[in-house]
Number of protein chains: 2
Amino acid sequence: MTTSGELVSPLDGIVLDRASPVPLYYQVAQYLERAIESGALSPGSRFENEIQLADRLGLSRPTMRRAMQHLVDKGLLVRRRGIGTRVVSPTVRRSLELTSLHDDLSRDGQRPGTKLLSLSEVPATAKVALALGLPAGAQVVEIVRLRSAMDQPIAKMTNHLPLGLIDLTATNLERQGLYEVIRSSGIRLHSATQVIGARVASAAEARLLGETRGAAVLTMQRTTYDDSGAVIEYGNHIYAASRYSFQLSLLAG
Amino acid sequence: MTTSGELVSPLDGIVLDRASPVPLYYQVAQYLERAIESGALSPGSRFENEIQLADRLGLSRPTMRRAMQHLVDKGLLVRRRGIGTRVVSPTVRRSLELTSLHDDLSRDGQRPGTKLLSLSEVPATAKVALALGLPAGAQVVEIVRLRSAMDQPIAKMTNHLPLGLIDLTATNLERQGLYEVIRSSGIRLHSATQVIGARVASAAEARLLGETRGAAVLTMQRTTYDDSGAVIEYGNHIYAASRYSFQLSLLAG
DNA sequence: CAGTGGTCTAGACCACACC
DNA sequence: GTGTGGTCTAGACCACTGT
């Protein structure tokens with residue numbers, strides 16, 4: 001443990017493997033990240049300058065800089081010319097641990113579960129066809145799932161995918177989650193856009209989610225793209241607002 | 001205009017200014033970004049390799065790489081080893097133009113407006129004190145604003161800030177927006193965390209936002225941090241869900 | 001002034017994709 | 001093979017901060 005503001009040499013225990021396929025800058029970045037998360041480097045502790053750090057490891061300065069820049073981009077380090085490099089405060093760090101393309105449910109002891117309600121091939125509605133960039137009425141895969149936490153229903157998730165892109169079966173969907181199935185079929189995800197809104201639940205939705213009549217639900221539509229710009233998946237989801245909210249963090253830029 | 005897949009040399013008109021304080025890699029990145037956004041580089045067009053591009057501009061390869069990496073991080077370019085560099089499709093690009101720390105309203109012809117309802121010094125409630133890291137009952141600045149679009153109310157925004165951090169006046173708040181005031185007072189923003197939820201509007205909220213009784217509202221709490229980990233601002237906002245939704249884009253990684 | 005990070009150069013070798 | 005991007009080196013000079 002170090003005290004705040006102290007000058008530290010944060011790389012004492014590291015062993016670099018120059019034969020590894022993992023890049024050196026990444027080995028260093030991961031080591032630093034673990035040291036920061038574990039609290040071995042306390043908030044506000046100041047690093048030695050990058051040239052000394054590079055020398056200690058027998059690395060060139062650009063390689064050392066790249067490792068540190070990786071952590072700056074992640075929000076874990078702050079660097080200022082003429083001043084030095086410092087670790088951001090743990091409050092901020094915790095707030096940055098959220099957010100991803102995936103669900104935020106699987107933290108804590110929430111016992112998350114997903115039940116596959118249906119997996120079928122259906123003609124695309126106008127909205128789905130538009131989102132997937134297909135002609136109206138084209139056949140698409142439809143997945144309907146019920147997400148729960150602590151054995152209570154949380155969300156109804158409906159996804160549509162183009163036919164033939166991915167080999168979806170009930171078994172791998174129940175084991176892996178949709179995004180893992182997509183990735184493991186060799187598709188390179190690029191980006192996604194989400195629209196988050198709210199409305200009052202319909203009677204059927206309220207029943208399914210265990211809410212009372214007139215309750216508010218969060219709605220989310222997501223379109224996911226691959227490297228080539230093709231639409232991989234369109235999702236339309238509703239969440240029980242009394243038991244679920246979206247958490248996300250943003251880095252200033 | 002180029003055709004899809006064509007090999008292009010995307011730097012023909014660029015003039016570099018080596019005397020400028022703007023870094024060379026950034027001048028190149030900005031030129032490329034403008035060329036992409038303007039459509040001069042069409043979707044899927046493939047770049048010359050980075051060594052040739054660097055040579056054309058009299059730059060070293062690392063500098064050219066840095067410019068391109070900047071656009072990869074922004075989601076505008078995709079690079080693959082052994083293949084080359086390509087411009088992402090315009091559909092994906094448009095979807096990436098959203099998202100920021102700020103409101104998404106100021107696009108299109110939405111005539112956005114903000115009315116300052118109150119600016120005062122109040123004792124912090126328990127929740128506000130916790131968020132700002134102050135003792136309960138400490139004095140804080142409270143701002144309440146009504147956001148509108150096309151002369152219809154959209155959101156009620158309530159912000160609390162520590163005393164003395166920023167010189168807030170009614171005039172500069174109405175001119176500039178809260179975040180601009182914060183930045184121009186020399187504070188380096190680092191990150192923010194948001195929680196987005198939904199609930200049914202209270203009678204008073206429905207009246208203020210022009211909604212009917214029982215309507216759903218979107219809720220958002222945001223905590224904003226500076227470089228040193230101090231809390232700069234805590235916001236608690238409600239949005240008329242029938243006329244507003246959050247749009248955001250995510251890059252895979 | 002001395003110390004820090006920010007930028008830039010001119011090479012080298014390697015891993016991967018396609019032919 | 002050939003061509004691509006990915007990694008790494010060993011220097012250099014500059015801009016900003018605080019003494």
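Numbered from 1 within each chain, the chains take letters A, B, ... in sequence-line order. These numbers were taken from a predicted model, which means no experiment stands behind them.
Residue contacts for B:P23: at a heavy-atom cut-off of 4.0 Å it reaches the sugar-phosphate backbone alone, with no base atom in range. Heavy atoms of A:R66 sit under 4.0 angstrom from primed sugar atoms or phosphate atoms, though from no base atom.
The CG-P distance, from A:L57 to D:dT9, rounds to 10 Å in whole Å. Taking atom CD1 of residue B:I51 and atom C1' of nucleotide C:dT9, one finds them 14 Å apart after rounding to whole Å. Separating the CG atom of B:D17 from the P atom of C:dC8 is a distance of 12 Å, rounded to the nearest angstrom. Summarising the geometry, the separation between CD on A:Q69 and P on C:dG6 is reported as 7 Å, rounded to the nearest angstrom. Taking atom CZ of A:R46 as the reference point, atom P of C:dT4 lies 7 Å away to the nearest angstrom. Note: CG (A:D73) to P (C:dG6) measures 11 Å, nearest angstrom. The distance from atom CE of A:M64 to atom C1' of D:dA10 is 17 Å, rounded to the nearest whole Å. Taking atom NE2 of residue B:H70 and atom C1' of nucleotide C:dG6, one finds them 15 Å apart after rounding to whole Å.
Scanning for side chain to side chain contact (heavy atoms under 4.5 Å, CB included) contacts around A:T114 gives A:R145, A:R147, with sequence neighbours left out. Every side chain to side chain contact (heavy atoms under 4.5 Å, CB included) that B:I51 has, sequence neighbours left out, goes to B:N49, B:D55, B:R61. Residues forming a side chain to side chain contact (heavy atoms under 4.5 Å, CB included) with B:A124 (at least two apart in sequence, or on another chain): B:V128, B:A129, B:V140.
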Practice task
Please test B:V195 against A:F246 for side-chain contact (heavy atoms from CB on, under 4.5 Å), starting from the C-alpha separation and ending with a verdict.
Solution key: CA-CA 6 Å; B:V195 179; A:F246 294 104; over 6 Å; no

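A donor-acceptor contact closer than 3.5 angstrom links the side chains of A:Q30 and A:Y26. If you check the side chains of B:Y234 and B:T224, you find no donor sitting under 3.5 Å from an acceptor.
Phosphate proximity of C:dG5 to A:R65: absent, as no side-chain N or O sits under 4.0 Å from OP1 or OP2. The phosphate of D:dG6 (OP1 or OP2) has a side-chain N or O of B:R79 nearer than 4.0 angstrom. Here A:N49 reaches the OP1 or OP2 of C:dT4: one of its side-chain N or O atoms lies under 4.0 Å away. Phosphate contact (OP1/OP2 of D:dT4, side-chain N/O of B:T85, threshold under 4.0 Å): absent. Taking only side-chain nitrogens and oxygens, B:R18 comes nearer than 4.0 Å to OP1 or OP2 of C:dT9.
When side chains are defined from C-beta on, A:R65 does not count as touching A:S60, because their heavy atoms never get closer than 4.5 Å. By the 4.5 Å heavy-atom criterion applied to side chains, A:L178 and A:I182 are counted as neighbours.
With hydrogens and angles ignored, the 3.5 Å screen pairs a side-chain donor or acceptor of B:R46 with a backbone N or O of B:I83.
Taking for each of B:E48 and B:P62 the nucleotide of DNA chain D with the nearest heavy atom, the 5'-most of the two is the partner of B:E48.
A heavy-atom distance below 4.0 Å to DNA chain D is reached by none of the residues of residues 24-37 of chain B.
Considering only the side chain of B:T63, C:dT9 comes nearest among C:dT9, D:dG5, D:dC8. Comparing C:dG5, C:dT9, D:dT9 against the side chain of A:S60 picks out D:dT9 as the nearest.
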Within the sub-3.5 Å range, which N or O atoms of nucleotides 12-19 of chain D have a protein N or O partner, and how far apart are they?
unit_1: D:dA12; atom_1: N6; unit_2: A:R61; atom_2: NH1; d: 3.0
unit_1: D:dA15; atom_1: O4'; unit_2: A:R81; atom_2: NH1; d: 3.1

Side-chain donor-acceptor distances from residues 67-79 of chain A under 3.5 Å, at least two apart:
unit_1: A:Q69; atom_1: NE2; unit_2: A:D73; atom_2: OD1; d: 3.1
unit_1: A:K74; atom_1: NZ; unit_2: A:E33; atom_2: OE1; d: 2.9
unit_1: A:K74; atom_1: NZ; unit_2: A:E33; atom_2: OE2; d: 3.0
unit_1: A:R79; atom_1: NE; unit_2: A:T85; atom_2: OG1; d: 2.9
unit_1: A:R79; atom_1: NH1; unit_2: A:E50; atom_2: OE1; d: 3.1
unit_1: A:R79; atom_1: NH2; unit_2: A:E50; atom_2: OE1; d: 2.6
unit_1: A:R79; atom_1: NH2; unit_2: A:T85; atom_2: OG1; d: 3.3

